[in-house]
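To find a chain, count down the sequence lines: A is the first, B the second, and so on, and within it residues start at 1. Worth knowing before you read on, the calculation uses all heavy atoms, side chains too, and leaves out hydrogens, waters and symmetry mates.
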Number of protein chains: 2
Amino acid sequence: MSAINEYKEHDRMLIAVDCIIFGFDGEDLKVLLIKRGFEPGLGKWSLMGGFVKANESADEGAIRILDLLTGLTKIYMEQLYSFTDISRDPADRVVSIAYFALIKIDDYSPELLNEHNARWISIKKVPAMIFDHKEMIELAKERLRQKVAAYPIGFELLPDKFTLSQLQNLYEAIYETTFDKRNFLRKILSIGVLKKLDEKEKHLSKRGSYYYKFDHKKYQKLEQQGIKFI
Amino acid sequence: MSAINEYKEHDRMLIAVDCIIFGFDGEDLKVLLIKRGFEPGLGKWSLMGGFVKANESADEGAIRILDLLTGLTKIYMEQLYSFTDISRDPADRVVSIAYFALIKIDDYSPELLNEHNARWISIKKVPAMIFDHKEMIELAKERLRQKVAAYPIGFELLPDKFTLSQLQNLYEAIYETTFDKRNFLRKILSIGVLKKLDEKEKHLSKRGSYYYKFDHKKYQKLEQQGIKFI
DNA sequence: ACAAAAGTGTTCACTGTACACCCATGT
DNA sequence: ACATGGGTGTACAGTGAACACTTTTGT
């Protein structure tokens, strides 16, 4: 950093945040994309984003913008990476700080989808996108895989009550692979952060399967020692 | 992101890069810090940094600034995280993109240390620092630990030729722990990316120990399948 | 009765870890 | 001769991976 009296001579830039919002519909891992209704890139697919204001941090900006576009607060979000290529946005010099967010897909109402011209798109079929947004999604997918193996953030994508099959489907969707049911359940149950409920899910199968909850308290006790979820 | 004609109405900010430069002296993992010769924070410890110009990406800026301050090019560097608190720099709104870099400690000459009022400081004894620079160092240490377990970047901190003891000392310094010599060597040699040279190091011990080199070609063959170094 | 998902154990290979002594050489 | 770091093997426990059948119940 240079001397204070030189600060004014340096170049100033726009700071944007772009949010990679993941959701899970029980089958596929999806990202929430919007079709841009304005230039540049009108009609093209884009992430949700906006500019950071002078009186807010990027984290605060990301929270504000997500609230604006989804009405959701208190969602899991973390900074991913900053994209700084000179001409990534042809309209101006914009540094974009990408965030990735995990939401429960049912919290995002169909009305909002219409209102923002948004759609849930499977990560297996991400279309061409403006600027470097596809690169952002790729990186977010990568980071999600890393994180979900070591931290219990996958639960942010599931309802509060979920069956073990749903949990396995989620991990399979994230890693785009399949796991052996017995091995998966043994491992995930042995961690000891799932609480079995007395209630059964009765729609997805005839027999019905028990609901489980993520047990935050038990997790907090284990947290420091570093857990492998997968 | 908003419509193009609104771009001009958004706030513009200074973008800085700050570099966490790691080095290894055979004993301790160190960071290169400078004592600021200017305000704000004159006389305080600081990372090396500078402002990103309008005509360069942050990566390019980081490379330029590192070259400026160390004369070194072609060094390992990666973007770490962006620090965006409103008042992290009291003089102005500055978004700082932190980079971490790995250099061979002998490449940074003592003259440069004087010239920039710089010093190598053990990561075990990082002093109070300006702004959020200490937080940056903590995060960089964390990231280095993650990376070095999965990628062969530790070698960036060692001379081209190194002994297995030096390599073990490096990993021990990074993780601030000790490893069993036999287990460590078995694991690291079993990866098959170290090339034993005929030459021996004769200063550090009476018996002398063989030099090894990192074998880039062998690594590239194994790269895709994901290697665990530790 | 049958279809469809739930639930449940064992075996084996591999990996990680604990642990202690002899070797070569310069002084 | 001795001090110093270099170099080496084995046993055991824990983890990961492969693998198939029975149970429940709605239709």
Side-chain angles (χ1 to χ4, degrees), chain A residues 25-27 145 148-150 158-159 161-213 222 225-230, chain B residues 24-28 145 148-150 158-159 161-213 222 225-230:
Chain A
D25 66 357
E27 188 89 6
R145 286 176 182 169
V148 96
L158 290 174
K161 299 186 291 189
F162 50 85
T163 67
L164 296 176
S165 296
Q166 288 175 315
L167 185 60
Q168 179 168 356
N169 287 342
L170 171 64
Y171 275 85
E172 290 181 343
I174 290 173
Y175 289 102
E176 293 181 65
T177 185
T178 56
F179 297 109
D180 179 85
K181 193 168 36 160
R182 290 159 290 186
N183 292 339
F184 179 82
L185 294 183
R186 187 181 319 112
K187 193 188 254 175
I188 209 92
L189 289 173
S190 72
I191 298 170
V193 295
L194 293 182
K195 194 162 47 187
K196 190 179 192 170
L197 306 184
D198 278 334
E199 200 182 347
K200 277 193 171 186
E201 197 289 323
K202 301 290 287 177
H203 304 288
L204 298 168
S205 72
K206 302 178 176 177
R207 181 171 170 179
S209 61
Y210 284 104
Y211 277 122
Y212 285 75
K213 269 192 156 174
L222 301 170
Q225 63 203 54
I227 298 176
K228 280 177 69 179
F229 283 83
I230 275 296
Chain B
F24 177 65
D25 66 358
E27 188 90 5
D28 277 331
R145 284 176 184 170
V148 96
L158 291 172
K161 299 186 291 190
F162 50 86
T163 67
L164 296 176
S165 297
Q166 288 174 315
L167 185 61
Q168 179 168 355
N169 287 342
L170 170 64
Y171 275 85
E172 290 181 342
I174 291 173
Y175 289 102
E176 293 182 64
T177 185
T178 56
F179 297 108
D180 179 86
K181 193 167 37 158
R182 289 159 292 183
N183 292 340
F184 179 82
L185 294 183
R186 186 181 320 115
K187 193 188 253 175
I188 208 92
L189 289 173
S190 73
I191 298 170
V193 296
L194 293 182
K195 194 162 46 187
K196 190 178 192 172
L197 306 184
D198 279 335
E199 200 182 346
K200 277 193 170 186
E201 197 288 325
K202 301 291 285 176
H203 303 289
L204 297 168
S205 72
K206 302 180 175 175
R207 181 172 170 180
S209 61
Y210 283 104
Y211 277 122
Y212 284 75
K213 269 191 157 173
L222 300 171
Q225 62 203 55
I227 297 177
K228 280 178 68 179
F229 282 83
I230 275 295

Exercise for the section: For Q168(A) and F179(A), indicate whether the former's side chain and the latter's backbone hold a donor-acceptor pair under 3.5 Å. Expected result: yes
Practice task
Side-chain contact test, heavy atoms from C-beta onward, threshold under 4.5 Å: evaluate it for V148(B) versus F229(B) and give yes or no.
Solution key: no
Practice task
Name the nucleic acid region contacted by L204(B), choosing base, sugar-phosphate or nothing; use a 4.0 angstrom heavy-atom cut-off, strictly under.
Solution key: sugar-phosphate
Fill in the blank from the handout: Separation of dT11(C) atom P from D180(A) atom CG, nearest Å, is 16 Å
Practice task
Can you tell me which residue pairs pass the side-chain hydrogen bond (donor to acceptor under 3.5 Å, both in side chains) test with a partner in residues 186-204 of chain B, sequence neighbours excluded?
Solution key: K161(B)-E199(B), N183(B)-R186(B)
Exercise for the section: Mind listing the closest non-hydrogen atom pair of F184(A) and I230(A) along with its distance? Expected result: CE1-CD1, 3.8 Å
List, with names and distances, any nitrogen or oxygen atoms from the protein found under 3.5 Å away from nitrogen or oxygen atoms belonging to nucleotides 21-26 of chain D.
{"from": "dT23(D)", "atom 1": "O2", "to": "R207(A)", "atom 2": "NH1", "distance (Å)": "2.3"}

Practice task
Could you tell me whether the phosphate oxygens of dA5(C), OP1 or OP2, come under 4.0 Å of any side-chain nitrogen or oxygen in S165(A)?
Solution key: no
Exercise for the section: Any chance you could measure L194(B), atom CG, to I191(B), atom CD1, to the nearest 0.5 Å? Expected result: 7.5 Å
Distances for protein N or O near nucleotides 10-13 of chain D N or O, under 3.5 Å:
{"from": "dT10(D)", "atom 1": "O4", "to": "R186(B)", "atom 2": "NH2", "distance (Å)": "2.9"}

Completion exercise
From CG of L167(A) across to P of dA6(C) the rounded distance in Å is 13 Å
Exercise for the section: Measure the distance from OH on Y211(A) to C1' on dG7(C) and round it to the nearest whole Å. Expected result: 18 Å
Handout entry: Side-chain donor or acceptor of Q166(B) paired with backbone N/O of T163(B) under 3.5 Å
Key = yes
Practice task
Tell me, with the steps shown, if R145(B) and E176(B) meet salt bridge (charged side-chain N to carboxylate O under 4.0 Å, His left out).
Solution key: CA-CA 10 Å; R145(B) 284 176 184 170; E176(B) 293 182 64; 2.9 Å; yes
Problem - Distance, rounded to the nearest Å, where F184(B) contributes CZ and dT15(C) contributes C1' - result: 17 Å
Handout entry: Given dG7(C), dG16(C), dC19(C), the nucleotide with the shortest approach to the side chain of K228(B)
Key = dG16(C)
Completion exercise
Smallest heavy-atom separation, L197(B) atom then Y210(B) atom, equals O-CD2, 3.4 Å
Exercise for the section: Let me know the distance between OH of Y212(A) and P of dA6(C), rounded to the nearest Å. Expected result: 12 Å
Practice task
May I have the distance from R182(A) (atom CZ) to dA18(D) (atom C1'), rounded to whole angstrom?
Solution key: 8 Å
Handout entry: Interatomic distance where CG belongs to L189(A) and P belongs to dG9(C) [whole Å]
Key = 12 Å
Practice task
In whole angstrom, give the distance that lies between atom NE2 of H203(B) and atom P of dG6(D).
Solution key: 14 Å
Handout entry: Ring centers of F162(A), Y211(A) separated by less than 6.0 Å
Key = no
